Amino acid sequence: MVSFSSLVSSASILAAFFIPAILADNPINSAFAYGTNKVRGVNLGGWLVLEPWITPSLFDNTGNSAIVDEWTFGQLQNQNTALSTLQNHWNTWITEQDFIAIANAGLNHVRIPIGYWAFETGPGEPYISGQLPYLQKAVGWARAHGIKVIVDLHGAPGSQNGFDNSGHRIGFPMWHSNSTNVNRTDAIIKTIASLFINDQDVVTVIAPLNEPAGYDGPDVLSTVRQYWYDSYGNIRFPYGPGVSQQSNTLVLLHDAFQPLSYWQGFQTAPNWQGVAMDTHIYQMFSQDEVSRTNQQHIQAACSMASTLTSFDLWLIVGEWTPAATDCAKYLNGRGIGARYDGSFSGSTRVGSCTGLTGSASSFSSSYKTFLRQYWEAQTITYEKASGWIQWTWKAENADDWSYQAGLQGGWIPQNPTQRQFPTICG
């Protein structure tokens, strides 16, 4: 049996062959003081990667229930119809006005998910491209309004998790099982690093892959670990072969749904510089979590502080939400119900979803108070690490998830450091 530490050291030795000057890496001189100043941000979800629960109208308007993700959006309807729908969506879902509102809300980061198909598609892949100019436009808006950008590769060839938000909802992810998929993804990260090489004042972070399915076993994890090594080289050394000059771009690795202890000692200084870990914290995607009382949700959030603060890299909670149920329409996938109300196959009903999602006009004052308490419990806790990025800025019909709606409804403060419940975690 090979020990974990020997696996890490042999992987480190292996990585040293791929990455120039690994023993002489320079600390990054970032335009944002990671580890000192707190990341307070929001995800621009459902914009350049479609998600049925964020924009259910785009899917419902197709009249085809088999269209469940961006893959089938391009595959199962007229190409011109799909393209014009997408172009209208890209032009309207997020605009410069959103960046102004985000800056006015005291936030300092946006995380922008984008799929590999914005850069290239292979034979038989029905994705529609055209997202990249919008990402570039967003970087300009961010610069104008003093916001830092995390470019997040949210979908990889073959799908890294089989989720609809990877672009392709499938039973088992295929990204890790095919070296061509991984090589294509490496090339896209090189493209992203090169594309924003002169924008390091704004694009301060590249996240090389969102939520790879580490729970699917050691094959996935070994591929992910090597891909994280490759990504470090591709992001920190973007100036071409043999050039030892390093970028100041932070490399943001996802924990692949593993406990943080799994990653202890991975890509730490001094041999690695400018690496942070991204963990996503949700409390509604299991029967146990969705069955918690409001107080139990708050206590669970507060209790994460010791785990988050004892980790050895900068740690950002890159996705989380004040929502405590899976009630939002299509949250578990188009055509799939919710655990909370028992409409999800095999679930046990907790209660009615009425008044818990949809329009905030249906939210009671006591529910809004809970949303505020839960929001504060989480932000207080996550700021004990390096900070947080809420999922998501806006949604058509899920105000419990929307930062924009929370500002309007009063359960998110106009200044993210303001507290009504400063002692909520004790």
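These numbers come from a predicted model, not from an experiment. FYI, side chains are in, hydrogens and waters are out, and symmetry mates aren't considered; it's all heavy atoms of this structure. Each residue takes its place number in the sequence, starting with 1.
No donor-acceptor contact under 3.5 angstrom links the side chains of Tyr127 and Glu70, judged on distance only. Side-chain contact check for Gln160 and His176: no donor-acceptor pair (N or O, by modelled atom type) lies under 3.5 Å. When only modelled atom types and interatomic distance are considered, Asn26 and Arg236 share no side-chain donor-acceptor pair under 3.5 Å. Side-chain contact check for Asn64 and Thr62: no donor-acceptor pair (N or O, by modelled atom type) lies under 3.5 Å. Looking at Thr417 and Asn415, their side chains do bring a donor and an acceptor atom within 3.5 Å of each other. Using modelled atom types, one finds no donor on one side chain facing an acceptor on the other under 3.5 Å when comparing Ser347 with Tyr340. Using a 3.5 Å distance cut-off with no hydrogens or angles, the side chains of Ser402 and Trp393 do not pair a donor with an acceptor. At a cut-off of 3.5 Å, with distance as the only test, a side-chain donor of Asn43 or Arg111 sits close to an acceptor on the other residue. In summary, the side chains of Tyr215 and Asn161 do not present any donor paired with an acceptor at a separation below 3.5 Å, with no hydrogens or angles considered. In the model, Asp255 has a side-chain atom that pairs as donor or acceptor with a side-chain atom of Thr279 under 3.5 Å. Of the N and O atoms on the side chains of Trp47 and Gln131, not one donor lies less than 3.5 Å from an acceptor on the other residue.
A side chain to side chain contact (heavy atoms under 4.5 Å, CB included) with Val275 is found for exactly one of Thr268, Leu253, Leu250, namely Leu253. Screening Trp411, Trp388, Phe370, Trp401 for a ring-ring contact (aromatic ring centres under 6.0 Å, His included) involving Trp375 leaves a single residue, Trp388. Of the residues listed (Leu44, Ile54, Asp98), the one engaging Trp93 in a side chain to side chain contact (heavy atoms under 4.5 Å, CB included) is Ile54, and it is the only one. With Trp272 as the fixed residue, the ring-ring contact (aromatic ring centres under 6.0 Å, His included) test singles out one of Phe266, Tyr229, Trp314, Trp228: Tyr229.
Taking the charged nitrogens against the carboxylate oxygens, Glu289 and Arg339 have no contact shorter than 4.0 Å, which rules out a salt bridge. Electrostatic pairing of Glu96 and Lys137 does not count as a salt bridge here, judged by no charged N lying under 4.0 Å from a carboxylate O.
Between the side chain of Gln246 and the backbone N or O of Ile28, no donor-acceptor pair lies under 3.5 Å. With hydrogens and angles disregarded, a donor-acceptor distance shorter than 3.5 Å links the side chain of Gln296 to the backbone of Thr293. At least one donor-acceptor pair closer than 3.5 Å links the side chain of Asn181 to the backbone N or O of Met174. Gln245 places no side-chain N or O within 3.5 Å of a backbone atom of Val243 that could act as its donor or acceptor partner. Between the side chain of Gln77 and the backbone N or O of Phe73, at least one donor-acceptor pair lies under 3.5 Å. Although no hydrogens or angles enter the test, the distance criterion places a donor-acceptor pair under 3.5 Å between the side chain of Asn108 and the main chain of Lys38. Panel note: side chain Lys384, backbone Ala305; no donor-acceptor pair is recorded below 3.5 Å.
Using a 4.5 Å heavy-atom threshold, the side chains of Thr379 and Pro416 count as separate. Looking only at side-chain heavy atoms (C-beta outward), Gln287 and Thr348 come within less than 4.5 Å of each other. The shortest distance between side-chain heavy atoms of Val205 and Lys148 does not fall below 4.5 Å. Counting heavy atoms from C-beta outward, Ile150 and Ile112 have side chains that stay 4.5 Å or more apart. With contacts defined as side-chain heavy-atom distances shorter than 4.5 Å, the pair Met284/Thr321 qualifies.
With sequence neighbours excluded, the residues satisfying salt bridge (Lys or Arg N to Asp or Glu O under 4.0 Å) with Lys329 are Asp60. Residues satisfying the side chain to side chain contact (heavy atoms under 4.5 Å, CB included) criterion with Ile336, sequence neighbours excluded, are Arg169, Asn332, Phe344. For Asp199, the salt bridge (Lys or Arg N to Asp or Glu O under 4.0 Å) criterion is met by Arg143, not counting sequence neighbours. For the salt bridge (Lys or Arg N to Asp or Glu O under 4.0 Å) test, residues two or more places apart in sequence or in another chain that qualify with Glu376 are Arg372.
Taking the ring centroids of Trp175 and Tyr227, they lie under the 6.0 Å cut-off. A distance of 6.0 Å or more separates the ring centres of Tyr330 and Trp53.
A side-chain hydrogen bond (donor to acceptor under 3.5 Å, both in side chains) check over residues 297-311, counting only residues at least two apart or in different chains, returns the pairs Gln283-His297. The stretch residues 174-194 participates, sequence neighbours left out, in these salt bridge (Lys or Arg N to Asp or Glu O under 4.0 Å) pairs: Glu120-Arg184, Glu125-Arg184.
Looking at every heavy atom in both residues, His154 comes nearest to Val49 through CB-CG2, 4.2 Å. Taking each heavy atom of Tyr134 and Gln87 in turn, the nearest pair found is OH-O, 4.0 Å. In terms of heavy atoms, Asn397 sits closest to Thr357 at O-OG1, 4.2 Å.
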